[in-house]
Every structure is written in structure tokens, then in C-alpha cells.
Amino acid sequence: MSYELRVTVACPHAKTADANQLALVLGESVADGESFAAANWQDAAGNRYAVMSAACEPSFANAATRPLAAPSFAPDADVQAATRAQAALVVWSGAGQAPKATPETITAYFHPNGPEALEMMGLTPVEEELV
Amino acid sequence: MTFVGTSIGVGMGAAASAAVPVAPPPPPPAPAFDPTTLGAGVALTRFNDAAMYQDAAGTTLAGIGEPVGYIADLTGNGLHFTQATASKRPLLRADASGNRYLEFDAVDDFIELRGVEAHGIHQLGMAANFDTTSRAMNFMHATQSRYVALVNDNDTGTAINYAVGTTGAFWRVSGAAYLYGVATRDDLYEATRGKNTLVAQFDTPAPYAGFGVGVGTYGASWAFSGKLYGLLATTDVALPGTVLAEIEAWWQEAMQ
């Protein structure tokens, strides 16, 4: 398979559960329901986000926007929650002005570099103590 | 009388033959290092096409540019490194020499070794060198002899660390870690020994020293976005220095 694209997603902390259901529905195993973990990135206002970044096939963009259904490996997936997350998606593929991450949207960039994409979204990692 | 060619000496007896210098036979080649001789409590791999799989179950081989969800432990101990979540899998790459390495995205990629409690594994490491000028690290570089430790020594759970999850204890290697440049393997060990305070939160035997070494660069927030060529996990005392040296040579052999 061809993993030519990279998608990087910033999910507001409050939408993490919905976003994980979307990742589960679009994924390949139940473990994909854990795609968004700790909200350890933040915007200038201090709003926290969980982030993910993954190489993906070109067909991913279409798959992410089509009507959703529970996959065979997770028949109990919460499709309603996944659909809410899908409705909150703001996708930027490089054309026009890049949207910033906001607490109301789940922001996704198709960009070859994950950390750069997060920086363009206006996010910084929550500082951790360095030795 | 004329003697021509090799006819000289024929029939002159053993004493005359002994006077002709004869090169000693070359020593037999050193036996190839065999990971299966390491015994229990050790996980070891080097990255090649036969050891890397896309899925965490280890059923679909990974090609160049594809995600890696399973790296086979070559010791026979069954301690395989895995990543079940598709978006968190590093990518298999090949450098200019064709060497395979793992590329982490410095956002959320990592691989794990689970079940280490049962095997008493306390260390996780690799050996490599890095260029202090460019901060590009080169595996076993001929003129750069610094080891680089990649460790997590607080409780973020995002770098190399030992932790206890819902399915048991595991080691984790991810794209966000702290790097230490040290001079020798012993220094590397000392630099990382006991730094993982996360471990102290659990009722597990001390010391737990985790170290790993990659090849690549690090940048903002010390996020590691480098290349990883091999993995070793072992107990604190399982491997003497001579064996570690053998492992390093074995890694190096595959990375020319």
C-alpha cells in the first residue's frame, strides 16, 4: 500500500472521546479507539488538545468524509459519536489559509511534517521539565 | 642438467620440502553471532525485511514506507515489540545504503515491549553514535564514538520508559524523548540508571534503567524525529560486556 500522505489532527480535550470513536470506525482494530490520548498540547489561550499524526493512503481523505458505519471488528462502536467528530472536522490540505486549532473544531492538516503542522495550527507542547 | 618449473625438488625427501616456506592456513571465521544463544530475559532484534510487520499480530510484512506494528524478537523468547494503534506506528525506511530503520513522527509514534515483568527485563537499549556538529546521528559511525541515550526520566510517559498499563508492564519507545550524549556504554548506563522516576511509582524491583539510541535529529521540545535501527531489552545483569560487544558488532554487520 502507498502511504504517501500524512494527516495530523488536533482534537480539543472535550471532543477526545468522539474523535476516538471516529478513529475506531475508520481504523483497522479496536486499538485505534485509543488514537487520541493525553491532551498535552495547547493553544495561545491555554486550551488543551490531544494530537495524533499518521501516514495514510491517498484514499483516506475520502474515507473520512463518507457516511460512517461500525466496522466488523467493533460492532459496538459509537457511530453517533463518530459522526459528531466527523461534523467537527476542519480539514486543510494545503490550499488557502491554514485554519488554527480551536476548542470547537477538530483540526486536520494534510502536511508532510507532523510537528510543523501542529505549529501551524498554533499549538505548542505543554512544557515538561527537562533535565 | 636443466630443471624447469616445478620439477625442482621432486623426490628430494621430507627434509628438503620443510625448507620451503608455507603460509599458515587462515584462521577459521568467527562463528556468526546467534541471538538464540542469549537465553531467557532478553529481547533482541535488528531491523530487516524479515523482522518488520505492519500489523501488531505480525502477519503482514512491512515494506519500505509502510507502518510497522510488530518487530520480531530474534532470540526465540517471544518478546516482540508492538504497536496496536495504527496511527502510532513508526514507518519503515531505508537509508542511502539500504539499511532499514524506523522513522518516528515526533508526535505520537511509539513501539512497546509488553510482558517484561514476567521476564525481569530492566533495560532497553541500542548502540549508535551521533555527530555533535550537525546533531545528525550515525549508527556506529567510524569517527564519531559517542553513545546517545534516549530516555524519559520524568513521568510524562511519552518517551522511553517502563510503566504498568492495563495489560501489564511494558517498555515504550516513542518519538518524544530526552537525549543524552555520553562517551561510553558504561556512561550511557550511568546516565540513565535510575532516572526513570515513573518506575518508582510502581512496586517493581530496582534498578530500572532504560536507554535507547537512535539515529537522527532532535529539535523543539527535545522531540526525537530520528532513525532507530535495532532494539535490545535485557535484565540488569544478564549480558556481560563481551556479549554486548558481540551484539554491537552484529548490529554493525547489518548496517554497513
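Order of the sequence lines fixes the chain letters, A, B, ..., with proteins taken first and strands second; residue numbering starts at 1 for each chain.
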Which pair of heavy atoms, one from B:Ala84 and one from A:Asp32, lies closest together, and at what distance? O-OD1, 4.2 Å

With chain B as the partner, which of A:Ala54, A:Gly114, A:Ser35 has the greatest number of non-hydrogen pairs under 4.5 Å? A:Ser35

With rounding to the nearest 0.5 Å, note down the distance linking CE in A:Met52 to OG1 in B:Thr85. 9.5 Å

Portion of A:Ser29 that has a non-hydrogen atom of chain B nearer than 4.5 angstrom: side chain

Mind checking the OH-CZ spacing from A:Tyr3 to B:Arg89? Nearest 0.5 Å is all I need. 8.0 Å

